[in-house]
4 protein chains.
Amino acid sequence: MHIGLVGLGRMGANMRARLRGRGIDVTGMDRDPSVADVATLPELVRALGPGPRVVWVMVPSGEPTRAVVDELAGLLSSGDVVVEGGNSHYGDDRVHAEALARRGIGYVDVGVSGGVWGRENGYGLMAGGSEEHVALLMPVFDALRPDGPRDEGFVHAGGVGAGHYAKMVHNGIEYGLMQAYAEGFELLTAQDLVTDVTGTMKAWSRGTVVRSWLLDLLVAALEEDPELGTIDDFVEDSGEGRWTVDEAIDRAVPLPVISAALFARFASRQGASPAMKAVAALRQQFGGHATRPVPPG
Amino acid sequence: MHIGLVGLGRMGANMRARLRGRGIDVTGMDRDPSVADVATLPELVRALGPGPRVVWVMVPSGEPTRAVVDELAGLLSSGDVVVEGGNSHYGDDRVHAEALARRGIGYVDVGVSGGVWGRENGYGLMAGGSEEHVALLMPVFDALRPDGPRDEGFVHAGGVGAGHYAKMVHNGIEYGLMQAYAEGFELLTAQDLVTDVTGTMKAWSRGTVVRSWLLDLLVAALEEDPELGTIDDFVEDSGEGRWTVDEAIDRAVPLPVISAALFARFASRQGASPAMKAVAALRQQFGGHATRPVPPG
Amino acid sequence: MHIGLVGLGRMGANMRARLRGRGIDVTGMDRDPSVADVATLPELVRALGPGPRVVWVMVPSGEPTRAVVDELAGLLSSGDVVVEGGNSHYGDDRVHAEALARRGIGYVDVGVSGGVWGRENGYGLMAGGSEEHVALLMPVFDALRPDGPRDEGFVHAGGVGAGHYAKMVHNGIEYGLMQAYAEGFELLTAQDLVTDVTGTMKAWSRGTVVRSWLLDLLVAALEEDPELGTIDDFVEDSGEGRWTVDEAIDRAVPLPVISAALFARFASRQGASPAMKAVAALRQQFGGHATRPVPPG
Amino acid sequence: MHIGLVGLGRMGANMRARLRGRGIDVTGMDRDPSVADVATLPELVRALGPGPRVVWVMVPSGEPTRAVVDELAGLLSSGDVVVEGGNSHYGDDRVHAEALARRGIGYVDVGVSGGVWGRENGYGLMAGGSEEHVALLMPVFDALRPDGPRDEGFVHAGGVGAGHYAKMVHNGIEYGLMQAYAEGFELLTAQDLVTDVTGTMKAWSRGTVVRSWLLDLLVAALEEDPELGTIDDFVEDSGEGRWTVDEAIDRAVPLPVISAALFARFASRQGASPAMKAVAALRQQFGGHATRPVPPG
């Protein structure tokens with residue numbers, strides 16, 4: 001099988017390597033000529049030969065993805081399929097799919113999880129689209145997903161948008177999991193009875209209820225730097241966490257843990273907190289320094 | 001009526017002034033001779049004459065209060081009453097009451113709210129103890145509480161400890177209220193559609209659902225310093241908030257808002273957050289920088 | 001001054017009464033002829049005579065408001081002003097204002113707080129729009145707002161949308177305040193040291209840090225029904241709370257307390273919680289009943 | 001090596017089986033004669049022969065554990081070691097250790113994680129105590145822990161109490177992890193784009209960032225009952241979650257996620273929520289039904 005891959009950043013380049021290693025021909029396009037096989041989308045489409053052609057898009061969500069999809073709509077033909085494997089909002093998928101469908105071009109959205117380890121371990125994949133299009137792509141999915149039973153690393157989650165919806169929820173959960181380990185780590189650093197914090201978390205790697213890949217990663221980080229002294233306590237968020245909470249609010253689903261994890265990231269990026277200034281100001285007002293006139297009551 | 005008052009810090013001194021202004025004789029004892037009427041507890045007890053004597057204790061909770069109560073146990077007589085008006089934990093009240101009861105000395109715990117404004121506005125009072133002791137103290141309570149119906153500024157909440165229990169819950173609520181206003185303030189400072197933030201919060205002073213004394217205080221603070229530029233975002237907590245959450249955990253009562261307000265204060269006092277360092281470290285591990293060997297998985 | 005008022009539900013009817021009692025002529029339109037002065041918008045506009053005409057819209061947000069504004073756009077003339085006093089999202093205000101501006105019609109959005117008590121106490125008002133339009137409406141604002149200094153019950157918060165933005169934040173804060181009192185109430189009901197729960201909360205009415213109008217309302221409810229036995233623990237949310245959290249997420253502002261209050265409302269409306277079923281299922285899986293094969297690990 | 005094991009409930013019986021299967025002699029004592037090797041502690045101690053004797057206690061925390069430790073103090077001799085493998089609070093460990101140390105008897109506390117799967121998979125172990133005592137017990141620890149490197153399933157976390165402290169934090173983290181997955185599951189059940197919820201969560205089993213043993217267990221539960229229709233949304237908590245939050249409060253460590261998970265469990269067990277009744281009552285007071293007199297304010 002031969003596919004086109006648009007976007008050869010860290011994720012895209014790793015995916016190309018894994019696909020090629022497992023027998024999928026890949027023509028990669030990127031603006032950076034040092035990594036690209038072809039320089040433009042028209043070249044990419046030509047390289048794929050006669051259809052049905054498959055082009056996997058792996059560029060940042062929002063405007064960049066939209067631009068690539070729009071250009072592909074003009075280059076591809078009926079029966080071809082565009083795969084959006086980035087982190088698009090599921091609402092964008094509907095727009096993309098409709099625009100392509102007008103020309104008979106198929107669309108599949110895929111949530112891809114695994115980070116930089118995916119090249120070696122395989123990627124967890126969640127696909128949204130029609131049975132027919134998913135079936136066409138199955139050799140690609142099988143090459144990308146981890147070894148083992150297919151259903152432990154791949155799902156056809158539903159129609160267009162379902163793949164990114166599933167990935168959005170996956171990432172919301174991820175926020176909560178990370179914060180849970182982080183709070184436990186912080187409590188361990190705040191006491192002096194447990195003297196081997198790294199060793200304690202490492203001992204959770206096997207047999208315990210909390211064992212997980214994220215725990216393994218945290219242990220790896222602690223083994224490099226047990227105090228995390230080289231790490232700044234400033235945490236970005238990438239969009240999916242926000243979308244998860246927005247979505248829950250729309251559906252009246254309580255998400256106390258995932259939202260708390262999201263807000264902890266927001267707070268981590270503030271210099272001074274206006275809210276806590278306000279609380280401090282209130283304490284000053286009622287607790288002392290009483291030279292001002294009584295406010296209206 | 002004539003009472004002794006131990007502890008003439010800001011609260012104690014203001015209370016002495018209000019009591020004297022409303023016809024209660026007060027002999028005040030403090031280690032600071034510039035504010036004290038007498039220098040020692042034995043002097044204080046002598047000054048009160050024959051019983052039933054009333055000594056109101058207004059010193060920091062914990063060891064200082066314990067020390068005063070212990071000394072008073074040796075100085076007072078059967079029929080006298082000790083009033084603990086500080087911020088003791090309700091569990092300490094039981095200990096104090098039992099120690100005094102062995103000598104026939106009564107004990108009443110009183111939660112006192114109002115801060116520096118109490119001298120002028122009166123103090124909200126929550127008392128715990130026997131009917132008989134509370135009745136004996138009613139002239140003092142009436143002098144301290146705000147003008148208006150007695151039941152809008154005073155309650156005999158229950159037996160020994162009930163006064164401080166009620167005050168503890170009052171303060172837990174206070175944490176939640178302050179944080180709610182603070183979060184709203186922060187959101188207003190983060191946008192540019194509402195250009196008059198101070199004026200907006202001031203316009204909530206009358207007629208609105210959120211009008212309150214705390215709002216009035218926040219408006220007063222904003223009128224002095226609309227950006228709160230002179231205020232540090234570092235917020236102490238005084239114990240009652242922690243006790244409220246501890247108590248809720250013991251009784252399996254969910255307190256999502258009050259606990260969130262408490263944790264926001266803890267976070268405000270941290271330099272770097274170990275938890276957020278851990279989250280940042282995790283993101284680094286799975287998102288890139290992949291030169292290390294695959295962790296066990 | 002003479003204005004038109006569209007929508008004579010509980011809020012609108014009370015506002016008409018207050019306005020008339022304070023010297024403003026009001027022609028009210030409603031689909032319910034038993035409360036309406038006129039039956040249609042064309043009649044309403046005719047009744048207002050030559051311009052500048054002012055029409056205050058007080059119908060449900062979303063589609064109903066949109067329909068009224070659209071119809072008014074065709075009936076009013078350059079120099080007239082539409083006031084949107086309902087609970088529209090601030091984003092809708094921009095759309096309304098632009099549509100009306102094309103015909104030279106002005107637009108002011110007003111957040112109105114006070115509930116059923118506003119007729120007697122006055123309404124807290126937050127206005128968004130131009131200086132000129134706000135000035136034209138000032139007699140109406142002065143009639144609606146509480147007695148006392150204007151700036152304690154009214155603000156010109158900013159341009160179009162600022163009034164509803166301010167009201168949105170006001171309501172978000174309101175959610176947090178209500179939940180804080182409610183958590184304190186629940187803790188008081190869960191213990192037996194404080195035997196007079198209603199009396200305790202009533203004693204907070206004067207002098208204390210937590211005194212507020214919401215506290216007064218809660219005390220009024222408890223005096224009618226101290227156990228709240230007649231009240232269902234099912235709490236609606238009206239939109240502004242959700243919008244507040246959505247807005248905070250867009251701006252990366254942490255809102256732990258306001259979001260917790262919103263989620264508590266969501267949870268109150270659930271029958272069985274799918275999330276807690278999942279937690280229960282997990283406990284069952286790892287804690288016992290071990291007849292199934294070991295899952296992949 | 002030969003040890004005594006007190007308490008042959010599900011955990012104790014499984015541990016005995018694993019130990020025997022790996023070459024450790026175990027004499028088990030339980031009140032239930034159908035599972036016990038011996039019926040009393042004196043018999044157990046006699047069966048162990050000359051010292052140093054090792055008795056592993058695996059009974060419920062609190063009073064039951066205390067009673068066993070007290071009786072063992074009178075039966076064992078200098079040089080023997082008691083191992084407390086239940087879920088005691090770390091504060092109890094200090095009391096136990098001091099009582100035993102007066103007679104020269106050693107004490108090691110061990111946090112044991114793994115649930116019913118431990119018999120087959122091995123148990124994650126966190127030990128607190130002296131180097132000497134831990135070394136003596138190492139053959140037992142090696143038999144109980146999972147296969148693989150020792151430090152991935154065992155840690156000597158610190159002095160007496162450190163094992164249970166580490167287990168407490170482990171369980172606090174566990175609460176947060178479980179709630180994060182549960183919230184994600186609930187959001188998936190609330191929408192209809194992702195049509196295969198079980199399949200989606202199963203596809204996270206390999207390659208994804210959220211893969212973990214808890215996820216595997218949740219998938220196993222969903223494969224049995226995809227709607228969790230047979231599961232009640234009522235979730236117990238076992239003590240360690242509460243202790244974790246109590247401990248964090250004592251140390252001023254913010255735990256927004258772990259506390260939210262704990263509170264969700266509390267809420268799951270309530271019939272009607274007094275807090276939400278209070279919020280509903282407030283909404284009723286300000287929103288309508290305005291037949292009562294205006295409250296003071």
_One pair to check against side chain to side chain contact (heavy atoms under 4.5 Å, CB included): D:Met276 and C:Gln179. What are the steps and the verdict?_
CA-CA 8 Å; D:Met276 300 322 289; C:Gln179 188 71 22; 3.7 Å; yes
Counting heavy-atom pairs under 4.5 Å with chain D, the top scorer among C:Ser268, C:Ala275, C:Gly115 is C:Ala275
If one checks every heavy atom of D:Thr189 against chain C at 4.5 Å, the contacting part turns out to be side chain
Scanning both residues in full, the closest heavy-atom pair of C:Val116 with D:Gly287 reads CG1-O, 3.4 Å
So CG of D:Leu282 and CD of C:Glu174: to nearest 0.5 Å the spacing works out to 9.0 Å
Inset, instruction - Just do the side chain to side chain contact (heavy atoms under 4.5 Å, CB included) check on C:Gln285 and D:Trp213 with the steps written out, would you? - result: CA-CA 11 Å; C:Gln285 290 285 327; D:Trp213 189 62; over 6 Å; no
query = Which is it for D:Met178 and C:Arg283 under the side chain to side chain contact (heavy atoms under 4.5 Å, CB included) test, yes or no, and what are the steps along the way?
reply = CA-CA 9 Å; D:Met178 289 166 80; C:Arg283 294 187 84 236; 3.4 Å; yes
Discussion item. With a 3.5 Å distance limit and no angle check, can you tell me whether C:Asp233 reaches the backbone of D:Ser273 through a side-chain donor-acceptor pair?
Written reply: yes
request  = Evaluate whether atom CZ of C:Arg22 has more than 12 neighbouring non-hydrogen atoms of other residues, nucleotides or ligands under 6.0 angstrom away.
outcome  = yes
| message | Atom CZ of residue position C:Arg251 - does it have more than 12 heavy atoms of other residues, nucleotides or ligands inside 6.0 Å? | response | yes
Given D:Tyr175, D:Phe234, D:Phe185, D:Tyr181, the one with more heavy-atom pairs under 4.5 angstrom with chain C than any other is D:Phe185
Okay, D:Glu236 and chain C: the region with an atom under 4.5 Å from a heavy atom over there is both
The interface call for D:Arg265 against chain C, heavy-atom contacts under 4.5 Å, is both
Rounded to the nearest 0.5 Å, the CG atom of D:Asp232 sits from the CD atom of C:Gln284 at a distance of 11.0 Å
All heavy atoms of D:Leu228 vs all of C:Ala281, minimum pair found to be CD2-CB, 4.1 Å
Checklist line | Exceeds 12 heavy-atom contacts within 6.0 angstrom, atom CD of C:Glu223 | finding: yes
